[in-house]
A.B. asks: 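Before anything else, here's the structure in question.
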Amino acid sequence: MSSSSPASVVDLQSHLQLYQRHGRTASRTRFYAHRVRESLANRVVMFLCSVLLTLLLIAGIIVLVLWLSFRPHRPRFYLSSFSAPSLNAFSFTLSDRNPNAKIAISYGDISAAVFYDNRQLASGTVLSAFYQPPKNTTEIHGQLGRVAVRIELTAAIRFTLSAWDTRDHRLHVNCDFAVGPDGNLLLEFQGESCSRYFG
């Protein structure tokens, strides 16, 4: 005699199907819970990265706008007069123009040197440290000993915007010109722009 009746086989099959469904459902639940935890961690990391990148982008835009609106322009120098009344004395006048609308410039002591054929003929300090407000022109008068064809100025300058100062920059200005037989600056060089650079 067979111990399994058709009813017990059906019960056994239904229990087996129920167990298989429950096992699948439990493993699916564990799988989905694991994915939700991974997904939540990924979302948090992605959110933090996007916040950081957004802050960096905003800071970059602010720095760019400030730089574009306040970018400092180098001061401009123009030779107004030069004379060498004797072989061992000179006098000259340079105009120093601050073209910046909102930025002032602080100068250290300005020293000058006179050159002829790339030989230094005279040098010395011609102006003590000073502050130049925005859109201002300052006359630099110098008197040095002996004739020259090039004047070089050097100064440490700092750009100033309200309470914010930049670091010191070493400014170099070169004025190449010619003098006539009387030792005075030729008219074609009067008002001539001088080259300038930071170094």
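Heavy atoms only: backbone and side chains are in, while hydrogens, waters and symmetry mates are out.
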A.B. asks: Rounded to the nearest 0.5 Å, what separates atom OG in S91 from atom CZ in F82?
C.D. replies: 7.5 Å
A.B. asks: Would you name the heavy atoms of P134 and A101 that are closest together and state the gap between them?
C.D. replies: CB-O, 3.4 Å
A.B. asks: Quick one: do the S80 and S95 side chains pair a donor with an acceptor below 3.5 Å?
C.D. replies: yes
A.B. asks: Rounded to the nearest 0.5 Å, what separates atom CZ in R150 from atom CG in D117?
C.D. replies: 10.0 Å
A.B. asks: Mind listing the closest non-hydrogen atom pair of P99 and R76 along with its distance?
C.D. replies: CB-NH1, 3.3 Å
A.B. asks: If I take atom CG from residue L55 and atom OG from residue S50, how far apart are they, to the nearest 0.5 angstrom?
C.D. replies: 9.5 Å
A.B. asks: May I have all residue pairs that pass side-chain hydrogen bond (donor to acceptor under 3.5 Å, both in side chains) and include part of residues 100-111, sequence neighbours excluded?
C.D. replies: D96-Y107, N98-N100, Y107-Q132, S111-T154
A.B. asks: Show the nearest heavy-atom pair for residues R74 and R196, with the distance to one decimal.
C.D. replies: NH1-O, 3.3 Å
A.B. asks: Are Y197 and I157 grouped together when hydrophobic residues (ILVMFWY) are joined by side-chain heavy atoms under 4.5 angstrom apart?
C.D. replies: no
A.B. asks: Holding to salt bridge (charged side-chain N to carboxylate O under 4.0 Å, His left out), I want the full list of residues that pass it with R158, two or more places apart in sequence or in another chain.
C.D. replies: D168
A.B. asks: Between Y78 and L94, is the side-chain contact (heavy atoms from CB on, under 4.5 Å) condition met? List the steps.
C.D. replies: CA-CA 5 Å; Y78 302 94; L94 288 168; over 6 Å; no
A.B. asks: What is the minimum heavy-atom distance between N136 and P133, and which atoms define it?
C.D. replies: CB-O, 3.2 Å
A.B. asks: With side-chain contact (heavy atoms from CB on, under 4.5 Å) as the test, would you mind laying out the steps for L185 and F92 before giving the verdict?
C.D. replies: CA-CA 9 Å; L185 178 67; F92 61 88; over 6 Å; no
A.B. asks: Could you report the tightest heavy-atom contact between F159 and H73, atom names first, then the distance?
C.D. replies: CE2-O, 3.6 Å
A.B. asks: Between D176 and F189, is there a side-chain heavy-atom distance shorter than 4.5 Å?
C.D. replies: no
